[in-house]
Amino acid sequence: MLRPTTPPDISSQTQRQRIIDAIVESCAEKTYAATTISDIVGGARISRTTFYKHFPDKRACFDAAVDHCVTELQEAAGAAHSPGDRPADATRKAATAVLEALAERPGLAQLLSGDAIAVDPAAVEHYRRATIPALEALWSGEEDGAAPHLDPRLAFGQAQVLLLNQIATGKSDRLPELLPELVYLAVSPFGGHEEALAQSRLAAADATSGTAKR
Amino acid sequence: MIEEPEDLRRWRLPRGRHGLPREIVERSQRERLLAAVVRVAVSKGYDATTVADILGEAGVGRESFYELFDDKLDCALAAHQVLVDDLETRVRTVYTVPGPWPARMREALAVTLQWFAADPEAARFTFVELSTVGPAFRSLFQADYARFTRLIDEGLSEEGPSPALTQATQLAVSAILARIYEEVVLERVDELPRLLPDLTYNLLIPFVGEEMARAEREAALESASE
């Protein structure tokens, strides 16, 4: 009997995805520093040879995992708001969606907030560049004219430290608790303190009534 | 300017026979080893640092090292402890005193920025090198974070404003860590004190609103030009 044939590019894609999932899981469990190629290979249920067909080393695999996480979060953020939303509302919805995605897979949060710092500050810069311009774009149509608000780079770093602490404290299953603060941080650089507080309260209210995507 | 942070490098003993009491010799050895692990880890990376490197830098024998520490990690964690204890003591001195809370918060921040600026090696060690030690980093991070949020809350509960966000203190500690981390990575630690006005503004807003935060920003600018 003939074995069902899987097109090679598809099976290769699956393998790559399994490897990425495995490094995310291992980093979440024991940090990047302590993760070995054996951990990744074991978690992905592939051979060492297959690993090296996809990535030259652990670091390259980690970078691919970061890229993958960033893309996933960008998609979640993009799908959460619609063109008709006010910038402040769109920002709140995007921040809420990102936190929900992280809460579903705390491994992503660990990878982005903790391990990226330990591996290479350049990795942090990489996804900061994927985040801040996306937020700025939401506000680009605003004739704001107000004094420049808080520094978005700092807000980004604050969000990262908040997530890292929640994970380090063993509360990675309770990431949604950070929703009011994260929404505040996402809105305040562009909309200012009062607007950020208002959005933060809205997000908290939505979360308790279960209508986050209103 | 505050004086130099408690400088582990100041501890030196003459080599060879000196007839000093045993506990003084041991104390000196311990401090020299702590200073050495910071210096070596910063210059060649924590991961690449060996116990032999630390011994060479400190001028201390292997046997003495293992009487004092289990291993490299133990030594690095002890060095970190000494540094953070010193920082907390200095912050406490200006923060837990009578006076308006926003001004005390600004002073505490000023001391913190000066402390790191005065010792870029300590800054790099705490912020970059220790993050690569593996799982031990998480408990270390959590403990430091909790320590400084507790300290801020202690000063707040006496007569401070009630924060509009429930985790405003966490936002404040996160802002300080994030900013210092960034300056460490960019190797601009010595310029940290210049960030005081903007960072004060940033930290205070969630607690006291824009107007009062702006007033403290002005106060920080004035104290800088004095």
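A note on names: the letters A, B, ... follow the listed sequences, proteins ahead of strands, and every chain is numbered from 1.
In this structure, the side chains of B:Y201 and A:D151 stay at 4.5 Å or more apart for every pair of heavy atoms.
Comparing A:R201, A:R153, A:E194, A:E29 by heavy-atom pairs within less than 4.5 Å of chain B, the highest count is held by A:R153. When A:L185, A:L154, A:L197 are compared by the number of non-hydrogen pairs under 4.5 Å with chain B, A:L154 comes out ahead. Comparing A:A168, A:G170, A:G157 by heavy-atom pairs within less than 4.5 Å of chain B, the highest count is held by A:A168. Taking B:L171, B:V185, B:T166, B:L199 one by one and counting their heavy-atom pairs under 4.5 Å with chain A, the maximum is reached by B:L171. Counting heavy-atom pairs closer than 4.5 Å to chain A, the top residue among B:A168, B:P206, B:A172 is B:P206.
Between A:A28 and B:R138 the shortest heavy-atom distance is O-NH1, 3.0 Å.
Within the model, atoms CD of A:E181 and CD of B:Q167 stand 4.0 Å from one another, a figure rounded to the nearest 0.5 Å. The CG atom of B:L165 lies 7.5 Å from the NE2 atom of A:H193; values are rounded to the nearest 0.5 Å. Here B:F141 contributes atom CZ and A:L164 contributes atom CG; the two are 4.0 Å apart, rounded to the nearest 0.5 Å.
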Scan the side chains in residues 143-152 of chain B for donor-acceptor partners under 3.5 Å anywhere in the protein, sequence neighbours excluded, and list what turns up.
{"unit_1": "B:D144", "atom_1": "OD1", "unit_2": "B:H80", "atom_2": "NE2", "d": "3.4"}
{"unit_1": "B:D144", "atom_1": "OD2", "unit_2": "B:H80", "atom_2": "NE2", "d": "2.6"}
{"unit_1": "B:Y145", "atom_1": "OH", "unit_2": "B:Q170", "atom_2": "O", "d": "3.3"}
{"unit_1": "B:Y145", "atom_1": "OH", "unit_2": "B:S174", "atom_2": "OG", "d": "3.0"}
{"unit_1": "B:R147", "atom_1": "NE", "unit_2": "B:E88", "atom_2": "OE1", "d": "2.3"}
{"unit_1": "B:R147", "atom_1": "NH1", "unit_2": "B:D85", "atom_2": "OD1", "d": "3.2"}
{"unit_1": "B:R147", "atom_1": "NH2", "unit_2": "B:D85", "atom_2": "OD1", "d": "2.5"}
{"unit_1": "B:R147", "atom_1": "NH2", "unit_2": "B:E88", "atom_2": "OE1", "d": "2.9"}
{"unit_1": "B:T149", "atom_1": "OG1", "unit_2": "B:Y145", "atom_2": "O", "d": "3.0"}
{"unit_1": "B:T149", "atom_1": "OG1", "unit_2": "B:A146", "atom_2": "O", "d": "3.0"}

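Both the backbone and the side chain of A:T169 come within less than 4.5 Å of a heavy atom in chain B. In this structure, the portion of B:E182 lying under 4.5 Å from any heavy atom of chain A is its side chain and not its backbone.
Within 6.0 Å of the CD atom in B:E187, the count of heavy atoms belonging to other residues, nucleotides or ligands does not exceed 12.
In this view, A:R59 and A:D63, A:D120 satisfy the salt bridge (charged side-chain N to carboxylate O under 4.0 Å, His left out) rule, not counting sequence neighbours.
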